[in-house]
Asker: 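Here it is, the structure, as structure tokens.
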Number of protein chains: 2
Amino acid sequence: MRQIKHPAIEQVELTDLMYALSDPTRLEIVARLAAAGRKMTCGEFDLNRPKSSMSHHFKILRSAGLVETLIEGTEHMNALRVADIEQKFPGVLQSVLKALDQA
Amino acid sequence: MRQIKHPAIEQVELTDLMYALSDPTRLEIVARLAAAGRKMTCGEFDLNRPKSSMSHHFKILRSAGLVETLIEGTEHMNALRVADIEQKFPGVLQSVLKALDQA
DNA sequence: TCTATTGTTCGAATATAATCGAACAATAGA
DNA sequence: TCTATTGTTCGATTATATTCGAACAATAGA
């Protein structure tokens, strides 16, 4: 079963993380993943964007180390790499999620 | 004495903040301001960039609510709006600064 | 093997950002 | 008033990002 490659958390730069989080669509994806607390397929987000656009944003989230995508059958299951990000950038993701919550 | 206008912290969006912090030059400016713990002139940073480029980055830092610029004579004194950002986005700037520290 | 489902990749168009020299503005001080 | 200092603004160039339709790839299930 083919799987997508992800960066090791050590090689993720802070600028990559900030950049990934600077787009409203991607922030929304991150917020929903966090709120759901489970793996979600790309299709589940329903953000009124064509799939090529969604795929683009997921690619950037993956390259920033924020999202891990596991292929299960024809579906791509996406999960936040909460522990990895927390280890590499303690507090950053948590506080961003908190800010998203009350927005 | 003319002064530069800054956004009220309430109207700063999280995406603005993330975007401002996604550029290496701007992160460096923020890191130095935090490390210095005092107001600094644009010229003090000495990042080997023309002043028009530096001015551009400061403009973005200001629009993100991160930096406050006070004009004193011919100098523009820049300070991090630590308290404002902390109030609006608790923990975000602190954790980013911590991540910058050990990088 | 054929088809439907789920995403990715490609390519092109549009939009946004970074960069930097040159001109400009405000002020301090001679 | 003249000059030096400090940044900003302007304008043009180059580089990156976003967007989306269309074509493609992998898999499940009939």
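Residue numbering restarts at 1 for every chain, and letters A, B, ... go by the order of the sequence lines.
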Asker: With the side chain of B/T74 defined as its heavy atoms from C-beta on, choose the nearest nucleotide among D/dA26, D/dG7, C/dA26.
Answerer: C/dA26
Asker: Looking at B/H57, I'd like to know whether one of its side-chain N or O atoms comes within less than 4.0 Å of OP1 or OP2 on C/dT19.
Answerer: yes
Asker: For A/R49 and D/dT18, what is the distance between atoms CZ and P respectively, to the nearest whole Å?
Answerer: 12 Å
Asker: Provide, to the nearest angstrom, the distance between the CD atom belonging to B/E75 and the C1' atom belonging to D/dA4.
Answerer: 13 Å
Asker: Is there a side-chain contact between B/S53 and the phosphate of C/dC20, meaning an N or O under 4.0 Å from OP1 or OP2?
Answerer: yes
Asker: Can you check whether B/R62 has a side-chain N or O nearer than 4.0 Å to OP1 or OP2 of D/dT8?
Answerer: yes
Asker: Strictly by Watson-Crick or wobble contacts shorter than 3.5 Å, is anything paired with D/dT27, and which nucleotide is it?
Answerer: C/dA4
Asker: Applying a 4.0 Å non-hydrogen cut-off, can you work out what B/H56 is touching in the nucleic acid: base, sugar-phosphate, or nothing?
Answerer: base
Asker: Which heavy-atom pair separates A/A64 from A/V12 by the least distance, and what is that distance?
Answerer: O-CG1, 3.2 Å
Asker: Without decimals, in angstroms, what is the distance between B/I60 CD1 and D/dT16 C1'?
Answerer: 14 Å
Asker: Rounded to the nearest Å, what distance is computed from the CG atom of residue B/L21 to the P atom of nucleotide C/dA17?
Answerer: 15 Å
Asker: Starting from P on D/dT27, measure out to CZ on A/R2 and report it in whole angstrom.
Answerer: 8 Å
Asker: Going by purine N1 to pyrimidine N3 plus the second Watson-Crick contact, or the G-U wobble pair, all under 3.5 Å, which nucleotide sits opposite D/dA12?
Answerer: C/dT19
Asker: Using a strict threshold of under 4.0 Å (side-chain N to carboxylate O), is an ion pair present between B/E72 and B/K39?
Answerer: yes
Asker: For B/N78 and A/N48, find the nucleotide of DNA chain D closest to each by heavy atoms; which residue's nucleotide sits nearer the 5' end?
Answerer: B/N78
Asker: With a 3.5 Å cut-off and just heavy-atom distances, do the side chain of A/S55 and the base of C/dG7 make a donor-acceptor pair?
Answerer: no
Asker: Taking the side chain of A/S52 as its heavy atoms from C-beta onward, which of C/dC20, D/dA28, D/dC20 lies nearest to it?
Answerer: D/dC20
Asker: May I have the distance from A/L47 (atom CG) to D/dT19 (atom C1'), rounded to whole angstrom?
Answerer: 15 Å
Asker: For residues A/R26 and A/H57, is any side-chain donor paired with an opposing acceptor at under 3.5 Å?
Answerer: yes
Asker: Which nucleotide in the set D/dT9, D/dG21, D/dT5 lies at the smallest distance from any side-chain heavy atom of B/K59?
Answerer: D/dT9
Asker: Looking at every heavy atom in both A/S63 and A/P7, which two are closest together, and how far apart are they?
Answerer: O-CG, 3.8 Å
Asker: Quick one: label B/T41 by what it contacts on the DNA or RNA (base, sugar-phosphate, nothing), any heavy atom closer than 4.0 Å.
Answerer: sugar-phosphate
Asker: Round to the nearest Å and state the distance from B/K51 atom NZ to C/dC24 atom P.
Answerer: 14 Å
Asker: Given the rule that I, L, V, M, F, W and Y join up when any side-chain heavy atoms are under 4.5 Å apart, are B/F89 and A/Y19 in one cluster?
Answerer: no
Asker: Using whole Å, report how far NZ of A/K39 lies from P of C/dG7.
Answerer: 13 Å
Asker: Ion pair present between B/E44 and B/R38, side-chain N to carboxylate O less than 4.0 angstrom?
Answerer: yes
Asker: Looking at A/Y19, does any N or O in its side chain come under 4.0 Å of the phosphate oxygens OP1/OP2 on C/dT16?
Answerer: no
